[in-house]
Amino acid sequence: MTITDVRLFAYRQGQWRGRLNEQPHVDDSVPTTATLPPAAARGALGRPLPTGTAALLSAAPYPRTPACPADVPLPPGDRLGHLLVAGLGLQRREPSNRFNDHRAIASVRSKFPVHAFVVAPDGSTVYLDLYRHALVDLPVAVTADGDLAELLPAPGEATVLLAARYTDLPTPYGRLRCALSLLELGVNLRALHVAADLMDVRARQRWDGADVTAAGRLIARSGPGVWTPPLVLTLQGVGLLPPARPLPHSREPGPLQYAEDDARLRQESRHASLLDSAEVTMPLTELSRAELDRAASEPARGVPELPVRDVGTARLHWARALWNRTAGRTPEGVSGFSARPTTLGEDFLADLLAWSALPAPGPLAEVGRMVRNTVALQRVAGLPTGRYTAVDGRLEPDHPDPGLMQALQDSFSYPLTPVVDCGLRHASAMWVFSADLDAILDAFGPAGWSLLQLWCGWATHGVATAAAAHGLFARPARSFEEYRMQYLMGLPQELVPVFSVTCGRSRFDEPMLDLRT
């Protein structure tokens with residue numbers, strides 16, 4: 001896969017997609033494999049996840065960490081279990097939202113294509129099944145002399161693999177499933193780092209090609225499917241896993257239980273766009289020595305250092321901060337997101353800047369330095385409405401424009417109609433990530449485009465968490481015309497918008513079903 005091949009692939013799902021008539025028109029009734037566990041992760045043996053995560057997080061005021069210090073004794077496996085639930089777990093279901101379920105992380109139409117696997121020091125492997133609230137055993141053993149040996153953690157540690165399955169997103173997205181899967185992979189990476197901070201665990205990212213390749217082999221042995229290259233993390237200080245036992249109310253699935261979904265998985269895995277995606281992302285398994293040297297100095301934190309304030313809008317605990325995370329809400333029968341005008345203070349702006357500026361692990365941090373962060377603000381910290389550039393955790397004024405939010409809404413991909421709400425005109429902030437793709441490919445080779453998507457996911461989860469802590473929604477989107485966005489945000493010709501996050505106060509609210517444990 002050459003740089004030219006990657007560039008063409010990126011442009012076809014970026015600024016060329018409209019001109020090539022490849023703009024996806026997604027039918028929400030199209031079935032996907034989103035709730036299908038891997039074939040090998042459907043057995044009756046496993047380790048139940050602990051309960052009480054929400055109560056544990058309720059005892060810690062945002063943004064203080066840790067919520068559960070390392071010297072607090074927990075039963076075997078509970079620290080890892082609480083970490084996984086805090087980072088990736090179910091939150092709620094909303095009666096009027098057709099895109100359930102909801103977790104502490106963002107996802108396109110709530111499909112959640114990123115799956116998590118864990119390797120324990122004894123070589124046992126498990127799959128995180130949030131619906132069964134358990135780590136389900138896999139029939140794959142890791143040995144010190146086997147072809148998966150790179151994944152074997154030291155005593156007291158755990159190896160976590162994150163990978164996105166393309167077929168969990170609707171087929172009409174086509175090639176765009178690749179970028180969206182990588183973006184969500186970056187979101188989940190940040191979520192695990194945040195959870196590690198809450199549980200007083202150090203998360204170490206592993207970028208070596210041998211580790212990533214071994215992780216890919218393990219995931220392939222879990223059953224059919226087309227996956228992104230995995231992200232590999234070592235969690236230090238999580239203790240031992242409890243022994244496997246029969247899971248409550250579980251039995252081996254019958255031959256017909258997953259037949260329809262398995263057939264869909266086999267059929268959709270042959271889609272031509274997924275073959276292109278596999279080739280474009282393969283360079284992530286072949287990072288150069290320079291990238292690996294950069295990875296050696298990765299930061300371990302996902303939560304920035306922030307003061308606990310007695311004033312402002314973020315006077316809440318961590319359980320509520322994670323519960324608040326949402327991509328926006330509308331009444332039943334209306335899609336999109338609603339918003340109402342609200343005035344926010346300097347505490348919100350400080351959190352937004354700190355969360356977005358925290359460096360990502362390894363080579364992602366180097367890519368992040370090549371991304372411009374442009375922010376449209378209104379009614380925030382007394383600043384004039386207009387656009388600003390975020391540099392090293394501070395704002396530089398760019399251009400005042402009282403009509404900017406309305407202009408951004410007018411250029412959004414879905415307009416305001418009786419059945420579609422678009423609250424961008426009332427939003428508090430719109431964060432836009434833009435980059436010179438040619439410069440990134442020159443600096444990082446064919447892996448540069450994939451690393452850029454991962455970084456955008458990392459930063460997006462930071463913006464979303466900051467927004468949630470202040471009771472705001474955060475809607476990640478690529479639903480914009482690149483050239484129009486480039487003009488409105490005052491970007492030079494070489495900088496192309498890659499992703500955006502819109503934050504605001506929802507106009508719609510209703511009681512919800514709490515799924516936290």
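Counting begins at 1 with the first residue of the sequence.
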Who pairs with Arg42 by salt bridge (charged side-chain N to carboxylate O under 4.0 Å, His left out), at least two apart in sequence or on another chain?
Asp262
Those residues at least two apart in sequence (or on a different chain) that pass ring pair (Phe, Tyr, Trp, His ring centres under 6.0 Å) with Phe337 are Phe473
Can Arg177 and Ser277 be counted as having a side-chain donor-acceptor contact under 3.5 angstrom?
no
Those residues that, when tested against Arg325, pass salt bridge (charged side-chain N to carboxylate O under 4.0 Å, His left out) (two or more places apart)
none
List in chain and number order the residues that pass salt bridge (charged side-chain N to carboxylate O under 4.0 Å, His left out) with Arg329, two or more places apart in sequence or in another chain; answer none if no residue qualifies.
Glu94, Asp509, Glu510
Pairs flagged by side chain to side chain donor-acceptor pair (under 3.5 Å) wherever residues 415-427 is involved - sequence neighbours left out
Gln409-Arg425, Asp421-Arg507
In a table with atom names and distances, give each donor-acceptor pair under 3.5 Å that connects a side chain of residues 437-452 to protein atoms at least two apart or in another chain.
from, atom 1, to, atom 2, distance (Å)
Asp438, OD1, Arg7, NE, 2.6
Asp438, OD1, Arg7, NH2, 3.3

Using atom types as modelled and distance alone, determine if a side-chain donor or acceptor of Ser110 lies under 3.5 Å from a backbone N or O of Asp101.
yes
What are the two closest heavy atoms between Glu184 and Val108, and how far apart are they?
OE2-N, 2.7 Å
Can you name the side chain to side chain donor-acceptor pair (under 3.5 Å) partners of Asn324, sequence neighbours left out?
Arg320
Using ring-ring contact (aromatic ring centres under 6.0 Å, His included), reason through Tyr127 and Phe117 one step at a time and then give a plain yes or no.
CA-CA 5 Å; Tyr127 169 78; Phe117 302 78; 5.3 Å; yes
From CA spacing to verdict: salt bridge (Lys or Arg N to Asp or Glu O under 4.0 Å), Arg221, Asp147
CA-CA 12 Å; Arg221 291 173 190 174; Asp147 63 343; 2.4 Å; yes
Partners passing salt bridge (charged side-chain N to carboxylate O under 4.0 Å, His left out) against Arg369 (at least two apart in sequence or in another chain):
Glu366
Those residues at least two apart in sequence (or on a different chain) that pass ring pair (Phe, Tyr, Trp, His ring centres under 6.0 Å) with His470 are Phe348
Sorted by chain and residue number, the ring pair (Phe, Tyr, Trp, His ring centres under 6.0 Å) partners of Phe112 (sequence neighbours excluded) come out as none
Can you list every salt bridge (charged side-chain N to carboxylate O under 4.0 Å, His left out) pair that touches residues 384-397, not counting sequence neighbours?
Arg387-Asp398, Arg394-Glu396
Test side chain to side chain donor-acceptor pair (under 3.5 Å) applied to Glu268 - qualifying residues, sequence neighbours left out
Thr171
